[in-house]
Amino acid sequence: MKMTRIEAPDFDLAKTLDSGQVFHWEPRGSGFAGMIESQPVYAEQRGDRLFVSNGAASRARRYFALDHPLREICAMFPHDPAMSAAREYCSGLRLIRQPVWECLATFITSSMKQVAQIRQMSRALRERFGTRHILGDFELFSFPSASRLAEVSEKQLRACALGYRAKNLLATARRVNSGEADLDSWCTLPDAQLRARLCGLPGVGAKVANCVMLFGYERLRAFPIDVWIERVLRERYFTRKRKVTPEKLRAFCDTYFGEHGGYAQQYLFHHARKTAMRTRKVRPQL
DNA sequence: CTCCAGGGATGAT
DNA sequence: ATCATCCATGGA
């Protein structure tokens, strides 16, 4: 396969794709294969260089946010023990610029699911309702558009293991398809209004809205609070304090972590999740 | 087997 | 305004 070389300092492709922000990239050869918008892409990292299949360089640079000043962003994180450990563990992790609909739909399916299951649902939706592409020896499927999903049945979505999420995804797809929810035009809204619009969609609450703002709309201040982050906050920032209400957590996150709070959040999330997985493997009991 | 997962909507206090 | 419950599914 013909490849194009991209300079990619301060970037870790594998870590970025394994950090729970995007769910469809799969290991192939010595790299990864996935879709960027409607283009099939193979990407492989060698040191500070990223090699991508021909014709994908421009999209890849933007998708992987290689223009984010990562060193400066990390330097602006708060300096506390939890944050420092996460910063060191997650070096090279970047926040991807995802297509908004794909991001929204995927995170509607994410509620009360593990990352491995979100990947399975994403794959099922793509294979059944997306468009098939061939790239060398690889077969890839685009994420189905809102108009495509708007015409399938709830039963078909449940067959993708969506469970109770099927109804929400279908209802949101129909609102987007009808134009009642114009995701593209929302990119000019200030954070609070964008969040309010997103939360008006079926299956979208504060957590999913913040994920879509962060991963889809590039609102780097958005700070999703899920079960992992809440655990980190209670254990590392609110140690031995009673009456830590959701509002207190929210207020703390929105002020303490600053301008790039979403980056800080992703680093804390990835660090917590990966270290927990490791200790479970090493110590099965207890 | 039990417990839990990148939660949200709804109805009861 | 908080709080409890239910919602499907499968990994660990």
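Throughout, a chain's letter reflects where its sequence line sits, starting with A, and its residues are numbered from 1.
Judged by centroid separation below 5.5 Å and plane tilt below 30°, A:F269 stacks onto the base of B:dG6.
Atom P of C:dA8 sits at a distance of 15 Å from the matching atom of B:dG11, rounded to the whole Å. Separation of the P atoms belonging to C:dC6 and B:dG6 is 23 Å when rounded to the nearest angstrom. Using atom P as the reference point in both B:dC3 and C:dT5, the two lie 16 Å apart (nearest Å).
Residue contacts for A:A166: at a heavy-atom cut-off of 4.0 Å it reaches no nucleic acid atom on any strand shown. Contact annotation for A:T109: no contact, since no heavy-atom pair falls under 4.0 Å across all strands. Contact annotation for A:G20: base contact, defined as any heavy-atom pair under 4.0 Å involving a base atom.
Between A:S110 and A:G203, the residue whose closest nucleotide on DNA chain B is further toward the 5' end is A:S110. Where A:F215 and A:L201 each meet DNA chain B at their nearest nucleotide, the meeting point lying more 5' is that of A:F215.
For C:dA8, the base has a donor-acceptor partner in the side chain of A:R165 [N/O atoms by modelled type, under 3.5 angstrom]. For A:Q266 and B:dG6, a side-chain-to-base donor-acceptor distance below 3.5 Å is present, hydrogens and geometry of angles not being considered.
B:dG8 atom P lies 11 Å from atom CZ of A:F107, rounded to whole Å. Rounded to an integer number of Å, the gap from CZ of A:R250 to P of C:dA1 is 18 Å. One atom, CD of A:Q117, and another, P of B:dC4, lie 15 Å apart when rounded to the nearest Å.
In this structure, the nucleotide among C:dT9, B:dG7, B:dG6 sitting nearest to the side chain of A:V115 is B:dG6. Listed nucleotides: C:dT2, C:dA8, B:dG6. Nearest to the side chain of A:K207: B:dG6. Of the candidate nucleotides C:dC3, B:dG6, C:dG11, C:dG11 has the atom lying nearest to any side-chain atom of A:Q120. Minimum atom distance to the side chain of A:R158 is reached by C:dA8, of the listed C:dA8, C:dG10, B:dG6. Closest contact between the side chain of A:E247 and the listed nucleotides C:dA8, C:dT2, B:dG6 involves C:dT2. Listed nucleotides C:dT9, B:dA5, C:dA8 differ in distance to A:Q114; the shortest reach to its side chain belongs to B:dA5.
Between A:R49 and A:E7 there is a salt bridge, with a side-chain nitrogen of the basic residue lying less than 4.0 Å from a carboxylate oxygen of the acidic one.
Ring centroids of A:F51 and A:Y42 are separated by 6.0 Å or more, keeping the two rings apart.
With a 6.0 Å radius and a threshold of 12 heavy atoms from other residues, nucleotides or ligands, A:D137 has its CG atom at or below the threshold.
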